[in-house]
Amino acid sequence: MRFLLTSLIACCAPASAQQVFPRADAAIPIAAQPERTAAPASPRGTWTHLAGDADRDARPIAPGPFDAAAFAPLWTASTDTLGRPIEWIGPSGVVTDGSLVFGVALIDFNDHAVAVDARTGDVRWTTPIPIALLDSWSTPALDTGNNAVLYAAGSNLTALDARTGATRWQADLAANIVNASPVVTTDQHPADRAFITDFATSANGRLICINVDPFHPALNPHQPGDILWSAPLPGPTSGNSPAVRGAIVYAATAGGPTTDRPDAGRLVAFDARATTQPAPLWTATNPTDTGFFGGVVATPGALLASTYAFAPGQFAATTIALDRFTGDTLWSAATNRTNAVPLPLADGSVLVSAGLPDDPFFPPFGTVPSIQRIEPDAAEPTGARVAWDSAQATLADTNANGAVDPGESFTPLGGWTVQPARVRTLGRDLVLVGTIAESFAGSFFDAPVRLSLIDPALDPADPGFVIATIEDAGGAPAVIASTVYTIAPQGLRAIRLAPAQTTRQTTRRPAP
């Protein structure tokens with residue numbers, strides 16, 4: 001079982017931040033690059049990656065205000081065109097170009113890429129892909145510039161035609177991928193790249209760069225699917241989805257070298273425009289001895305990542321913010337364990353979805369599912385505080401010890417495999433977040449069982465914190481305007497975010 005295997009991963013690497021270049025523009029001089037033709041960033045009305053886009057910091061705008069009836073189900077896709085059941089990969093996310101929704105599923109016990117009509121829920125095509133190792137839940141990525149969708153499965157990165165599902169190219173990475181989702185650039189045309197990390201438990205993992213654009217003899221002398229370089233990372237890797245922002249690609253590790261704090265994860269930055277194996281721009285070590293088993297998010301100024309912890313406790317892991325140009329620590333905070341990408345909010349705070357169920361069939365992990373809000377501490381230069389933990393804030397603490405003990409009730413939200421999504425409405429952030437099942441029921445890797453729309457500006461105990469909830473939904477939502485696409489135990493669902501009714505309803509009396 002993947003959870004048990006990841007607990008065996010050793011970790012650690014370079015010491016504190018090792019700055020090579022003080023700023024990105026000094027590290028990657030524009031003048032040194034060949035002249036490029038202009039290409040737009042990801043079009044509006046798309047959700048191209050896990051957590052939204054290449055920097056994993058998507059901010060879709062949705063109508064509002066919302067009330068308890070905000071969720072209006074549209075369709076559920078659970079069978080293919082032959083009537084065969086589709087078993088969507090639970091914690092995986094979906095991506096969409098506004099016309100089709102793309103995800104990963106089992107059909108007749110074989111892994112498939114699946115495309116579904118975004119309007120009707122009809123399956124448009126299915127294509128077999130390599131088998132996923134260890135129940136991997138990698139989310140695909142859209143290459144909008146080439147009308148392709150990329151799937152990381154087995155030891156391959158496979159590009160399929162987004163309209164037909166036909167194979168465009170397949171890159172053999174020579175090592176398996178587990179839980180890591182690819183990232184594709186959109187601003188380097190005609191030389192855009194895809195990046196993915198492989199899976200390594202006892203050796204250093206790798207960040208792999210693959211060409212996605214057509215061959216050009218001067219500007220891009222590579223074929224689509226060509227591996228340009230493979231850079232060793234300072235530690236083992238599992239689930240370490242990279243992110244790209246401003247011509248820099250970022251990745252994390254689940255640990256470090258055996259000779260230097262092997263349980264502490266590392267964060268690394270590379271030149272995303274390099275055509276041969278680059279040296280790191282900087283390398284930073286997590287201040288605590290926990291590793292990163294999820295992706296990173298790059299904001300305009302910061303790189304954010306959260307760790308998983310194997311010690312008990314609701315605050316046994318770490319969330320860290322680094323200056324994304326230098327690798328210097330901005331702040332770190334003790335948080336709940338997770339494999340999800342942190343969710344930055346417009347006010348500078350960060351949400352983390354984390355924790356495992358208190359399952360009676362498994363030994364206690366000293367943690368429960370929760371959403372935590374982190375706020376930088378103005379009084380401490382590199383400090384931050386957890387403003388609230390949703391489980392603790394709603395806890396019926398019968399023994400008054402300040403901890404969530406077995407049998408004590410609280411409002412469950414989030415979970416270690418649950419990726420939340422932010423929506424902007426009326427100038428404020430609201431958050432869509434699933435809730436992990438209360439029992440593993442034989443699997444750690446099922447889809448969330450419900451989806452909630454929350455207002456993170458409120459305390460979880462306040463009225464109005466949970467605006468709306470819908471059952472059987474919640475897996476890594478993809479959001480376009482007023483529509484949410486999410487994997488659930490019963491299938492892939494489309495749900496409309498319906499604004500609150502503002503007109504008064506009247507009832508006519510029947511004519512006498």
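The first residue of the sequence shown is numbered 1, and numbering continues consecutively from there.
- Using a 4.5 Å heavy-atom cutoff, the side chains of I495 and Y485 are not in contact.
- No side-chain heavy atom of V431 sits under 4.5 Å from any side-chain heavy atom of L453.
- Distance alone, capped at 3.5 Å, places no donor-acceptor pair between the H112 side chain and the V114 backbone.
- The heavy-atom pair separating N339 from Y308 by the smallest distance is OD1-CD1, 3.4 Å.
- In this structure, E87 places its CD atom where only 12 or fewer heavy-atom neighbours from other residues, nucleotides or ligands lie under 6.0 Å away.
- Side-chain contact between I210 and I196 is present, with at least one heavy-atom pair separated by less than 4.5 Å.
- A pairwise comparison of heavy atoms in W331 and T319 identifies CZ3-O, 3.6 Å as the closest pair.
- In terms of modelled atom types and a separation under 3.5 Å, the side chain of D198 and the main chain of R206 share a donor-acceptor contact.
- Inspection of the E375 and S349 side chains reveals no N or O donor paired with an N or O acceptor under 3.5 Å.
- Residues I371 and V352 fail the side-chain proximity criterion, which asks for heavy atoms closer than 4.5 Å.
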Please test T185 against D187 for side chain to side chain donor-acceptor pair (under 3.5 Å), starting from the C-alpha separation and ending with a verdict.
CA-CA 6 Å; T185 67; D187 57 357; 4.7 Å; no
Could you walk me through whether D55 and R324 pass the salt bridge (Lys or Arg N to Asp or Glu O under 4.0 Å) test, one step at a time?
CA-CA 12 Å; D55 55 30; R324 75 176 185 89; over 6 Å; no
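- Using a 4.5 Å cut-off on side-chain heavy atoms (C-beta onward), L345 and V350 make no contact.
- R496 and T483 are not linked by any side-chain donor-acceptor pair at a separation below 3.5 angstrom, with hydrogens and angles left out of the test.
- Side chains of R168 and N147: no donor on one and acceptor on the other come within 3.5 Å.
- For the pair Q372 (side chain) and N336 (backbone), a donor-acceptor distance under 3.5 Å is present.
- Closest non-hydrogen pair, V184 versus A141, comes out as CG2-CB, 4.1 Å.
- Judged by distance alone, with hydrogens and angles left aside, the side-chain atoms of S238 form no donor-acceptor pair with the main-chain N or O of F293 at under 3.5 Å.
- Note on D97 versus R163: salt bridge recorded, some NZ/NE/NH1/NH2 to OD/OE distance being below 4.0 Å.
- Two residues are said to be in side-chain contact when any heavy atoms from C-beta on lie closer than 4.5 Å; V268 and Y250 fail this criterion.
- Contacts of A457 classified as side chain to side chain contact (heavy atoms under 4.5 Å, CB included), with partners at least two apart in sequence or in another chain: D455.
- In this structure a side-chain-to-backbone donor-acceptor pair under 3.5 Å is present from T197 to N240.
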S241 and R56: side chain to side chain contact (heavy atoms under 4.5 Å, CB included), yes or no, with the steps?
CA-CA 10 Å; S241 302; R56 310 203 187 277; 3.8 Å; yes
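- Between the side chain of N179 and the main chain of W137, a donor-acceptor pair closer than 3.5 Å is present.
- Among the candidates L267, L330, T288, the single residue satisfying the side chain to side chain contact (heavy atoms under 4.5 Å, CB included) test with I320 is L267.
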Apply the test side chain to side chain contact (heavy atoms under 4.5 Å, CB included) to residues S306 and T318: give CA-CA distance (whole Å), side-chain angles for both, the deciding distance (0.1 Å), then the verdict.
CA-CA 6 Å; S306 296; T318 306; over 6 Å; no
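- Using a 3.5 Å distance cut-off with no hydrogens or angles, the side chains of N176 and S155 do not pair a donor with an acceptor.
- Side-chain N/O atoms of N220 and N211 include a donor and acceptor closer than 3.5 Å.
- The backbone N or O of L219 sits less than 3.5 Å from a side-chain atom of H216, completing a donor-acceptor pair.
- Considering every non-hydrogen atom in both Q277 and P232, the closest pair reads NE2-CD, 3.5 Å.
- In summary, the side chains of T326 and D328 do present a donor paired with an acceptor at a separation below 3.5 Å, with no hydrogens or angles considered.
- Judged purely by atom type and a 3.5 angstrom limit, D226 has no side-chain atom pairing as donor or acceptor with the backbone of H222.
- In the model, T46 has no side-chain atom that pairs as donor or acceptor with a side-chain atom of T48 under 3.5 Å.
- Side-chain N or O atoms of W416 include none that pairs as donor or acceptor with a backbone N or O of I436 at under 3.5 Å.
- Side-chain contact check for S370 and S390: no donor-acceptor pair (N or O, by modelled atom type) lies under 3.5 Å.
- Nearest heavy atom pair, residue P300 against residue R245, reads CG-NH2, 3.4 Å.
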Run the side chain to side chain contact (heavy atoms under 4.5 Å, CB included) check on I131 and N110 step by step: do they pass?
CA-CA 7 Å; I131 188 170; N110 293 309; over 6 Å; no
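- By the 6.0 Å contact criterion, CG on L426 is enclosed, its count of non-hydrogen atoms from other residues, nucleotides or ligands being greater than 12.
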Evaluate the side chain to side chain donor-acceptor pair (under 3.5 Å) criterion for residues D213 and N146: first the C-alpha distance (whole Å), next the side-chain angles of each, then the deciding distance (0.1 Å), finally the verdict.
CA-CA 7 Å; D213 272 350; N146 294 293; 2.8 Å; yes
Derivation of the side chain to side chain contact (heavy atoms under 4.5 Å, CB included) call for R493 and I470
CA-CA 11 Å; R493 301 190 68 184; I470 185 169; 4.0 Å; yes
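- For the residue pair P130 and D111, the shortest heavy atom distance occurs at O-CB, 3.8 Å.
- Within the 4.5 Å cutoff, the side chain of L430 has no heavy atoms near those of the I454 side chain.
- Listed by chain and number, the residues in a ring-ring contact (aromatic ring centres under 6.0 Å, His included) with F195 are W229 (sequence neighbours excluded).
- Side-chain contact between L303 and W282: present, with at least one pair of heavy atoms (C-beta onward) separated by less than 4.5 Å.
- The existence of a salt bridge linking R59 and D429 is excluded, since no basic side-chain nitrogen approaches an acidic carboxylate oxygen closer than 4.0 Å.
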